[in-house]
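Each remark here refers to the structure printed beneath this line.
Each ligand, and each atom within it, is numbered from 1 in the order the structure gives. Start at 1 with the first residue, then count along the sequence.
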Amino acid sequence: MLLNKLIVVFLVSFLIVNSIVAENPYRFYEWNVTYGTISPLGVPQQGILINGQFPGPDIISVTNDNIIINVFNNLDDDFLISWHGVQNRRNSFQDGVWGTTCPIPPGKNFTYRLQMKDQIGSFYYFPSTAFHKAAGGFGSIRIFSGPFVTVPLPAYSGDFIALIGDWYKRNHTNLKAILDRGHKLPFPDGILINGRGPNGASYTVDQGQTYRLRISNVGLENSLNFRVEGHNMTLVEVEGTHTMQETYTSLDVHVGQSYSVLITADQAPKDYYIVVSSRFTSKVLTTTGVLHYSTSNSTVSGPIPSGPTIEVGWSLHQARSIRTNLTANGPRPNPQGAYHYGMINTTRTIRLATSAGQVNGEQRYAVNSVSFVPTDDTPLKLADYFKIGGFYPGNIHDVPIGGRIHLNTSVLQTDYRTFIEIVFENKESIVQSWHIAGYAFWVVGMDGGHWTSASRDQYNLRDAVSRSTTQVYPRSWTAIYIALDNVGIWNIRSEFWARRYLGQQLYMRVYTTSTSLQDEYLIPNNALLCGKVVGFHNKTILN
Ligand SMILES: *[C@@H]1O[C@H](CO)[C@@H](O)[C@H](O)[C@H]1NC(C)=O
Ligand SMILES: *[C@@H]1O[C@H](CO)[C@@H](O)[C@H](O)[C@H]1NC(C)=O
Ligand SMILES: *[C@@H]1O[C@H](CO)[C@@H](O)[C@H](O)[C@H]1NC(C)=O
Ligand SMILES: *[C@@H]1O[C@H](CO)[C@@H](O)[C@H](O)[C@H]1NC(C)=O
Ligand SMILES: *[C@@H]1O[C@H](CO)[C@@H](O)[C@H](O)[C@H]1NC(C)=O
Ligand SMILES: *[C@@H]1O[C@H](CO)[C@@H](O)[C@H](O)[C@H]1NC(C)=O
Ligand SMILES: *[C@@H]1O[C@H](CO)[C@@H](O)[C@H](O)[C@H]1NC(C)=O
Ligand SMILES: *[C@@H]1O[C@H](CO)[C@@H](O)[C@H](O)[C@H]1NC(C)=O
Ligand SMILES: *[C@@H]1O[C@H](CO)[C@@H](O)[C@H](O)[C@H]1NC(C)=O
């Protein structure tokens with residue numbers, strides 16, 4: 001409740017400040033990243049803390065805010081933070097992944113300068129280097145609508161976070177070592193809600209009030225089902241898009257995805273289970289949290305409400321029911337349906353098919369037969385920016401080429417201001433989840449079987465949801481439309497973290513010959529330089 005009051009205070013002070021000054025507000029953070037002992041599943045293990053916290057601090061912002069975060073790396077390892085779903089428009093230098101940003105060395109710091117430009121919604125941040133994500137270092141990001149933009153939401157009394165994810169009792173160095181030896185990871189040990197094990201996460205509500213709950217799957221591989229005993233959820237927002245407000249008894253949240261729901265405390269005042277369980281696994285992992293009515297005298301008891309487990313059709317049906325509210329405002333006082341994405345002709349189709357296999361006797365994962373490896377210690381973006389000669393990353397084919405899996409640094413070359421179609425093809429029996437940094441895209445279709453051009457007949461060209469992470473069901477495809485309006489080099493990755501680590505990712509270079517700052521910013525003046533660009537501060541570095 002304190003947090004909710006803080007948010008209200010924050011929003012009120014924002015309104016006052018914003019009515020006086022014209023420039024978008026700045027919000028400053030200083031983060032100290034350290035190791036610390038955590039024991040979310042009852043076993044002490046090494047975790048990554050931010051300012052002593054696991055999960056890390058919340059970022060609470062308003063559309064167009066400038067968020068300045070000075071990150072001090074006190075680990076014994078290079079470190080980077082990536083801002084999942086934050087688009088960093090014109091500024092891929094801030095994205096915080098291997099291909100865009102030099103890592104922060106141990107004992108050093110780097111100040112990220114983000115702008116929540118033209119965005120609203122629920123997102124999160126996470127550590128992108130090594131296998132740090134398995135140790136924590138993640139936290140929530142909220143972007144509220146600006147003061148003159150009406151939102152299609154009833155007033156709600158509190159704004160809660162549920163960072164859910166599968167979890168290992170092993171530390172991240174141990175997990176990384178397994179992958180580095182060319183093996184697969186074992187099955188996770190449990191599921192956490194906000195870094196807590198069974199009944200550790202509790203949400204206090206007043207009877208009769210309605211609450212917003214922002215759910216993000218920050219885990220490593222498992223799709224999760226989220227439900228609240230005795231309460232329905234009204235879906236209101238998906239990764240920055242206001243949705244048609246449908247009611248669900250439970251919601252599938254695939255790795256990397258975020259949803260906002262409204263929950264009304266309209267039941268008898270007692271404690272209710274919040275349940276999160278793994279989907280599509282033969283052994284079902286389950287954890288619980290608590291929805292606590294403030295006047296409740298009893299603790300949770302009785303059987304834990306069951307949910308879907310291996311049913312794929314159920315999940316596909318639910319995914320198709322998630323649609324954009326075309327008349328609701330987005331980040332601007334402008335209906336989301338004003339951009340008629342379905343009436344724009346795509347100029348290119350890229351089919352990305354995933355596969356798994358061995359290279360030199362070690363486990364690898366590939367996209368169009370290429371298993372991604374970082375070439376050296378020069379981020380692609382900086383090599384590109386400083387026009388390093390002799391730097392030729394591998395271009396990835398637009399269609400699956402078959403053949404043996406091979407290693408390369410895959411880059412998808414694309415042109416600024418084109419409108420393209422990407423089809424993610426999954427021939428395996430696992431659920432995939434794909435994220436594109438710097439962008440939101442329309443999820444126009446998904447279905448079982450092979451994608452063909454005839455599959456376009458079933459596309460939703462009217463009110464598909466625009467988001468940054470989409471699932472691809474087993475032996476299925478998912479098609480997206482994307483407007484390439486953000487110059488830079490952007491990570492396209494599987495959110496299945498072991499698969500990303502062992503090659504299932506690539507970078508998309510969105511290129512223009514323009515050097516206008518309207519199209520892309522200069523490299524920030526505090527940028528860390530590494531690899532082949534060490535000492536290149538002699539080139540123009542402004543900002
Ligand atoms: C970060 O935390 C460590 C351990 O608590 C401490 O030694 C260090 O001084 C802190 N650094 C900053 C910049 O706060
Ligand atoms: C990580 O786990 C391994 C064993 O699984 C252990 O040997 C090592 O000390 C642990 N590292 C830390 C920093 O806790
Ligand atoms: C590191 O932190 C100091 C302030 O403590 C700041 O002046 C400096 O710009 C930061 N370095 C980077 C690279 O952001
Ligand atoms: C869509 O948004 C409009 C405008 O804010 C709102 O009046 C309407 O109730 C919303 N419809 C649904 C189904 O969410
Ligand atoms: C939840 O929704 C279902 C289906 O719409 C309905 O049957 C049920 O009564 C609702 N439950 C509550 C607690 O509102
Ligand atoms: C909880 O206990 C208090 C005091 O014993 C009682 O007044 C109240 O009615 C109880 N509330 C419920 C929901 O049972
Ligand atoms: C899209 O392509 C169709 C068929 O080639 C053409 O008739 C139509 O004018 C094009 N639409 C736009 C907006 O370019
Ligand atoms: C990567 O692919 C490029 C062609 O796109 C090729 O020239 C290069 O040799 C490949 N690198 C490796 C390590 O195979
Ligand atoms: C900048 O410095 C690097 C390394 O010192 C050097 O190789 C490069 O030629 C210099 N570039 C310019 C434009 O002076």
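Annotation for ligand 3: atoms under 4.0 Å from non-hydrogen atoms of Asn109 are 1 (C), 2 (O), 3 (C), 8 (C), 10 (C), 11 (N), 12 (C), 13 (C). Remark: ligand 2 atoms within the under-4.0 Å shell around heavy atoms of Asn171 are 1 (C), 2 (O), 3 (C), 8 (C), 10 (C), 11 (N), 12 (C), 14 (O). Near Phe72, the atoms of ligand 3 lying under 4.0 angstrom from a non-hydrogen atom of the residue are 2 (O), 5 (O). Close approach of ligand 3 to Thr111 is summarised as follows: ligand atoms under 4.0 Å from at least one heavy atom of the residue are 10 (C), 12 (C), 14 (O). In the vicinity of Gln46, heavy-atom distances shorter than 4.0 Å reach the ligand 2 atoms 13 (C), 14 (O).
Applying the 6.0 Å contact sphere to CG of Asn360 captures no more than 12 heavy atoms from other residues, nucleotides or ligands.
Sorted by first and then second residue, the salt bridge (Lys or Arg N to Asp or Glu O under 4.0 Å) pairs with a member in residues 120-140 read Lys133-Glu495; sequence neighbours excluded.
Using a 3.5 Å distance cut-off with no hydrogens or angles, the side chains of Asn66 and Asn24 do not pair a donor with an acceptor.
Residue Tyr35 is tested with Asp77, Asp76, Asn171 for a side-chain hydrogen bond (donor to acceptor under 3.5 Å, both in side chains); the sole match is Asp76.
Take Trp167 and apply the ring-ring contact (aromatic ring centres under 6.0 Å, His included) test, not counting sequence neighbours, and it matches Phe54. With sequence neighbours excluded, the residues satisfying salt bridge (Lys or Arg N to Asp or Glu O under 4.0 Å) with Arg351 are Glu425.
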Write out each pair where an N or O from ligand 7 and one from the protein are under 3.5 Å apart, with the distance.
unit_1   : atom_1 : unit_2 : atom_2 : d
ligand 7 : 2 (O)  : Asn345 : OD1    : 3.4
ligand 7 : 2 (O)  : Asn345 : ND2    : 2.3
ligand 7 : 11 (N) : Asn345 : ND2    : 2.9
ligand 7 : 14 (O) : Asn345 : ND2    : 3.3

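Cation-pi geometry between Arg499 and Phe496 is satisfied (NZ or CZ under 6.0 Å from the ring centre, within 45° of the ring normal).
A ring-centre distance under 6.0 Å is found for Tyr339 and Trp442.
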